[in-house]
Every structure is written in structure tokens, then in C-alpha cells.
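All remarks here apply to the structure that follows.
We name chains A, B, ... by the order of the sequence lines, and we start the count at 1 in each one.
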Amino acid sequence: MSDNNRDQAALGKVGMMRQIQPEYYVMRLKAVAGDLTARQLARISSVAEQYGRGFVHLSTRQGIEIHYVHQDNLEPARLALAEEGIEMGACGPRVRSIVACPGDETCRWGVIDTKAMARELDARYFKAETPSKFKLAVTGCAHNCTKANENDIGIRGAIEPKWERSSCTDCSLCVSFCPVKAIGRRETDDSDGFQYEVDENSCINCSVCTSLCPTNAWVVGRKGYTVFIGGTMGKVPRFASVLKRIVETEEEVFDLVDKAFTCYRENGLKKERFGHMIDRIGLENIKEGLLEVTVQHKKQR
Amino acid sequence: MKSPFNIKNSVDLRGLSCPVNAVRAKDAIAALGDEELIEVVVDEGQALINVVRSINDAGYRIFKSEPRENSIAIIVGRRKTVS
Ligand code: SF4
Ligand code: SF4
Ligand code: SF4
């Protein structure tokens, strides 16, 4: 590696990328879950005025970039940002800023506290070195606003619906509004004469039924997180695979994420994305390994 | 549909997008008498979800539904129960 390349790698590590214009850099800022305070925005604005060219660029991962910062101004600009608690983002083969939708704090469909989860993932993994870039996203429900399955690890809020006969008026509306037509009505031999059922294989755990039933006959049976692994868009896109459909505790989510992350660090080839590593080794092998380790880990306690 | 309900009218919301469909539905329901019901026909998919959500949020009550071709007919009243 030449000195110049080494410098570039070091700068990339702290979120500064060389532009095609000689001596000019992009400063990539970190915004966990896309959140910044108004004061931070004001500071970013003044830094862009003073050291950039008076504009910012919004990235697809909820980040802000200040473009056209001369190399001599990188340090003063960074310090000015740090004063307001604005940290630099990440580039290169490491864990990138964690993205998240607003989640249950403000969104009516939200099933989980996405931001708290994103902050915890940030504290644990941000900037950790990986074979290739590594992206994590948290999304509050199956609407999937932050696209959990386009990330190396995605976490999506999930519910498992349960039908309560006593509240159901047999209006059959749920058969129509379930987005994947997973709900069916069946005649039965008992005194009720009918039953509504979910086809678990097609259900996407989306909470539409539990939100829309006019008499609240669909209730939340189980609630938790769907954990996805191996998604990427980029040059060779691959949708993430479900590692586990419903994980009920936060603790188990972190456990699985940790196992998946370690598995990638240990087995991924240089520049190989997690999903492509999974395809090389075999999804079932990987899943078995990750889930088995989790079970053993639990038993030990 | 064979129905014990006193259905006053039908509003066709097919082809209308959100939020126009939901607003029209709520206007029609608001004009009902206490014992009256109305049939609302809405496209399946997101339109149905939006309209049902608005009707529920407004405190109106859906009693019955019937799938039609690419659409759903829902029977709605202004009150939570029919006597
Ligand atoms: S993913 Fe769900 S919870 Fe998150 S913003 Fe979208 S609809 Fe709301
Ligand atoms: S929408 Fe609710 S009340 Fe109507 S059939 Fe389904 S479960 Fe029963
Ligand atoms: S959770 Fe969603 S996909 Fe599953 S049955 Fe309910 S509406 Fe259908």
C-alpha cells in the first residue's frame, strides 16, 4: 500500500472520502436512526457554509454529507462538528451507520422501539472492521420502511396474530384485508360453526389484522423481532434470508446478531459481502450453526 | 348479499385514491340515521386498508363484508351496534 493509499484508508475509517476533485473531501456524518437535533443541524449548516460549499447531500442511509471540504479544513471542520456531538460516519470495510424507522414511538404500525435498538447496535458494532462493508437496519413492522432485508443484518418488528372467537362477528373483513391473503374462514362442526385461521407459512407478521379488525378479535399472540441476514443491494443484489421469524426477547436478538457478526468476521473472504458468503457456504448450514449456538448458549445459563 | 340489515345506499369508491376514498366514505356514513347502514365498495389492497382504518378511527362500525371482483363491499353503520 502506498502512503497515499494508506492515508485514504485512514481517512475512510473516520468517514472522510476523497472526491474526484484533487484535495477535496466528502465528510460523511453519523446520524443513528436518522436523528439529529435542531442544534446539530444548525451546526452542520454553519460548517457547510464555512468549510464546504454551502450545501449538504443526504445519503440513502439517513446520513448527511458535507461535500467540497478542502483537505486542510478537515480537522477544523471535524472539531466544530464534534463540539455539538456530531460524529463522523463510516466508509470502507466496516459497520456503517445504523438506520432505523421511527418505530413505535410515533408510528401507529410500530411494534418495537426501533431507535433504542439502533442506538444499542451502534454502541456495540459501529465501525467494527468486517471483510466488506456491513449494514444494519431496524424497522418497526412489516411495512419495512427502512428495508430490513436489503441489509447485512435487518431487524423487523413482528407480531403473531391470535383469533378470539368471543369477539369475532364473522364479518369476514380480515380475509380481504390481510395483505398476503393468509387468513381463511373455515366451517367447523362445533357450536360456533366457523373459525378464522392464519396460514403461518404465508403470514408476514404485519399487524394489519390486529389493527383493523372492527371488534378486536385478532389480538397479538406473540410479539417480537424477525431477524434477517445477508441482504445487500449494490453490484450483486441479494435479498436477506430470515434467520428467525419471531425472536421474543431483545437479549436473544443481540445474541443472534452477535453470532451472525462473528460468523461473518471469521468466514467472510476479503471484500465478500455477508450474503454472498452465506450463498457460498450454504444458507441452511449457516442458519443451523447460528441457531444451534444460540440454543447451547442459553442452556449454559 | 342476504342481509338482515337495513341498507340505505351504496357508495362506489373504486378507482379513488387515498385520502379521497376515506373522506367520501366518512361523509356518507356521517349522513346516516342511527339505525341505517350503508354499503361502501372499495378496491382491494391498500385502498381497503386505508378506508377500514379511517372508518374504525372515526368510531363507526363495519358489520359485514363481501368480496367482489377486485373490490370489497363493506356494510357500515354510524353506531357501534345495531338494535
Ligand atoms: S416500518 Fe412500520 S413502524 Fe416503521 S415507519 Fe414504517 S410503518 Fe411505521
Ligand atoms: S375482521 Fe375481525 S370480526 Fe371480522 S371476521 Fe375477521 S376476526 Fe372476525
Ligand atoms: S399478521 Fe398480517 S399477514 Fe399475518 S394474518 Fe395478520 S394481516 Fe395477514
Side-chain angles (χ1 to χ4, degrees), chain A residues 101-102 104 106-111 140-145 157 159 161 163-187 192-199 202-220, chain B residues 1-7 10-14 16-19 21-22 25-26 28-29 32 37-83:
Chain A
C101 79
D104 70 356
T106 51
C107 178
R108 65 176 296 147
W109 299 108
V111 176
C141 74
H143 282 106
N144 202 17
C145 295
I159 64 106
W163 181 67
E164 293 196 333
R165 168 66 191 98
S166 57
S167 313
C168 178
T169 60
D170 198 15
C171 76
S172 82
L173 193 59
C174 49
V175 174
S176 298
F177 64 51
C178 169
V180 292
K181 300 281 175 272
I183 299 178
R185 182 186 187 279
R186 192 164 65 86
E187 307 278 330
D192 294 333
F194 69 95
Q195 191 181 330
Y196 284 82
E197 297 172 324
V198 173
D199 170 12
S202 42
C203 173
I204 53 169
N205 308 101
C206 71
S207 76
V208 164
C209 53
T210 53
S211 310
L212 291 190
C213 168
T215 54
N216 301 318
W218 285 108
V219 296
V220 175
Chain B
M1 187 191 307
K2 194 167 122 311
S3 168
F5 302 124
N6 165 26
I7 299 166
S10 177
V11 236
D12 186 356
L13 302 175
R14 286 174 301 170
L16 296 176
S17 54
C18 174
N21 48 16
K26 284 196 284 184
I29 300 162
L32 294 175
L37 298 172
I38 194 167
E39 178 188 80
V40 176
V41 186
V42 60
D43 292 316
E44 59 184 17
Q46 196 57 43
L48 175 68
I49 290 179
N50 289 338
V51 168
V52 169
R53 192 180 67 190
S54 301
I55 290 173
N56 288 345
D57 284 357
Y60 302 138
R61 170 67 187 281
I62 299 169
F63 291 95
K64 197 73 201 151
S65 71
E66 185 192 64
R68 305 255 171 97
E69 203 183 326
N70 302 323
S71 65
I72 319 293
I74 52 183
I75 309 298
V76 197
R78 216 154 64 92
R79 301 198 315 172
K80 282 277 174 205
T81 53
V82 267
S83 46

Distance col, row A:Ser176:OG vs B:Glu44:CD, nearest 0.5 angstrom, shows 7.5 Å
Turns out that what part of B:Ile49 lies under 4.5 Å from chain A's heavy atoms comes down to both
Heavy-atom closest pair (B:Val52 atom, A:Leu212 atom, distance to 0.1 Å) is CG1-O, 3.8 Å
### Task
Count the heavy atoms belonging to other residues, nucleotides or ligands that lie under 6.0 Å from CZ of B:Arg14, then report whether that count exceeds 12.
no
Value for CD1 (B:Ile62) from OG1 (A:Thr169), rounded to nearest 0.5 Å, stands at 9.5 Å
* To do: Would you check if the side chain of B:Lys64 reaches a backbone N or O of A:Asp170 as a donor-acceptor pair within less than 3.5 Å?
  => yes
In this structure, CZ of A:Phe177 is separated from CZ of B:Arg53 (nearest 0.5 Å) by 12.5 Å
The interface call for B:Ile74 against chain A, heavy-atom contacts under 4.5 Å, is side chain
Note: B:Ser65 and A:Cys171 closest approach over all heavy atoms is OG-O, 2.7 Å
Under 4.5 Å to a heavy atom of chain B? For A:Thr215 that would be side chain
